[in-house]
Amino acid sequence: MKSRIPVVLLACGSFNPITNMHLRLFEVARDHLHQTAVPELKLLCGADVLKTFQTPNLWRDAHIQEIVEKFGVVCVSRMGHNPKEYISRSPILHRYRHNIHLAREPVQNELSSTYVRQALSQGHSVKYLLPDAVITYIKDHSLYTRDSSCKGGGTQRNEGKTSWGEPATPPRSSS
């Protein structure tokens, strides 16, 4: 068996909630780096995050330059995104393109945290989209329900029913 090089990947994104495809990013990036024999610390992101480098006032140019110049990026493909175009349109990314590794995800899909939050708020199943432990946590904390007072899912318990159609636990009185 070919010896593997140590790889440290730092990911950013909302991961709200974390999906199996978020976890898959790490697998795809690790395999890509092991095949190209590139050790080191890298920023791991999906192509959608790479696109945000062009969003005004979201990232500072100095921060983008420090990330791609000193550490580099492993960008995993995502449907509907063209990371090569994002690199060519950005002077900073283009200058340090040798430090940006594009890893292709062979299993393309459109799963996103936004979709998962919407599905949960509508009472739809998310089985096999999220790790079982994440589903249990969401259920136990009544997150992302129709009646959630915090848009995008808060941590407060909600009156009424959870997204699974079960009665939510009413708040306990302090008396």
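Quick caveat, the model's predicted, so the values are computed rather than measured. We count residues from 1, following the sequence as given.
In summary, of the residues considered (Tyr96, Trp59, Tyr86), a ring-ring contact (aromatic ring centres under 6.0 Å, His included) with Phe53 occurs for Trp59 alone. If you run side-chain contact (heavy atoms from CB on, under 4.5 Å) between Leu102 and each of Val73, Ile87, Val74, only Ile87 comes through. With Pro131 as the fixed residue, the side-chain contact (heavy atoms from CB on, under 4.5 Å) test singles out one of Leu129, Val134, Ile135: Val134. Screening Thr136, Ile138, Leu23 against Leu130 for a side-chain contact (heavy atoms from CB on, under 4.5 Å) leaves a single residue, Ile138.
Hydrophobic clustering, with ILVMFWY side chains joined whenever heavy atoms are under 4.5 angstrom apart, keeps Leu41 apart from Ile100. In the hydrophobic clustering of this structure, Ile67 does not group with Leu44; members are Ile, Leu, Val, Met, Phe, Trp, Tyr whose side-chain heavy atoms approach within less than 4.5 Å, directly or through other members.
Put simply, CG on Asn99 and CG on Leu93 are 11.0 Å apart, with the number rounded to the nearest 0.5 Å. Taken to the nearest 0.5 Å, the NZ atom of Lys51 stands 8.0 Å off from the OG1 atom of Thr55. In this structure, Lys84 NZ and Ser77 OG are separated by 10.5 Å, a value rounded to the nearest 0.5 Å. Atom CD of residue Gln65 and atom NZ of residue Lys70 lie 9.5 Å apart, to the nearest 0.5 angstrom. Of the inter-residue distances, the one linking His98 atom NE2 with Glu69 atom CD reads 8.0 Å to the nearest 0.5 angstrom. Distance check, rounded to the nearest 0.5 Å: CZ of Arg78 to CG of Leu50 gives 13.0 Å.
Panel note: side chain Lys42, backbone Phe71; a donor-acceptor pair is recorded below 3.5 Å. In terms of modelled atom types and a separation under 3.5 Å, the side chain of Ser112 and the main chain of Tyr115 share a donor-acceptor contact. The closest donor-acceptor contact from the side chain of Ser113 to the backbone of Pro17 lies under 3.5 Å.
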- Show your working on side chain to side chain contact (heavy atoms under 4.5 Å, CB included) between Leu120 and Leu143 and close with a plain yes or no. CA-CA 8 Å; Leu120 286 167; Leu143 302 178; over 6 Å; no
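Counted within 6.0 Å of CZ on Arg95, heavy atoms from surrounding residues, nucleotides or ligands total more than 12; the atom is thus considered enclosed.
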